[in-house]
Structure formats: C-alpha cells, structure tokens
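Reviewing the structure listed below.
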Amino acid sequence: MLFGCADSKTPGQPYYRSYFNDNERRFVDAATARLIPDEESGTGAPTAAVAFFIDRQLAGPYGQADHLGIQLKLDEPA
C-alpha cells in the first residue's frame, strides 16, 4: 500500500498536514482542483483528496528520497 493511502481523508474530515505549510496546502488544493475539477461524470481532485495524498507522499519515505539511497550533505561546500 502506498504511504499516502494509509490514512485516507474522508470528505468533511479536518485536514492534518504532514509536509506542506498552510500556504503550500492551499496552493496544492487550488492547483489540483483546477487541473482535475469535480464534475457530474466523476470525482475530481477535491473529492478524492489529492492534495492530502500528495502531502502524505512527500512526508513519507518517497518524499525523502529514501528509495534512491541518496544522502544529501547540504552543509558541505560543493
């Protein structure tokens, strides 16, 4: 199971962010709603909680690039 699916958000439940700050969450909510709007013919990003899924993916191992085996040393000069 994908990391972001473990705690799927049900419409109407409060949103508990893991990775995004409030401004980033609002942007991702608006951007995904614009790209995949709710329509009569199907569920769009807002109802499917796409921003919640993205937030959880970025907060988990995938967002930390754990699967790549990369260690970033940002404190050292290039």
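In this text the structure is predicted, and so the values were computed from the model without any measurement. Throughout, residue positions are numbered sequentially from 1 according to the sequence presented.
- Minimum heavy-atom separation, Val28 to Phe20: CG2-CZ, 3.7 Å.
- Checked by atom type and distance alone, the side chain of Asp38 pairs as donor or acceptor with a backbone atom of Gly44 at under 3.5 Å.
- Contact check for Ile54 versus Thr32: side-chain heavy atoms found under the 4.5 Å cut-off.
- Residues Ala33 and Ala45 come closest through the heavy atom pair N-CB, 4.1 Å.
- In this structure, Val50 is a member of the same hydrophobic cluster as Leu58, with clusters built from ILVMFWY side-chain heavy atoms closer than 4.5 Å.
- Salt-bridge check for Arg25 with Asp29: passed, with a basic side-chain N closer than 4.0 Å to an acidic carboxylate O.
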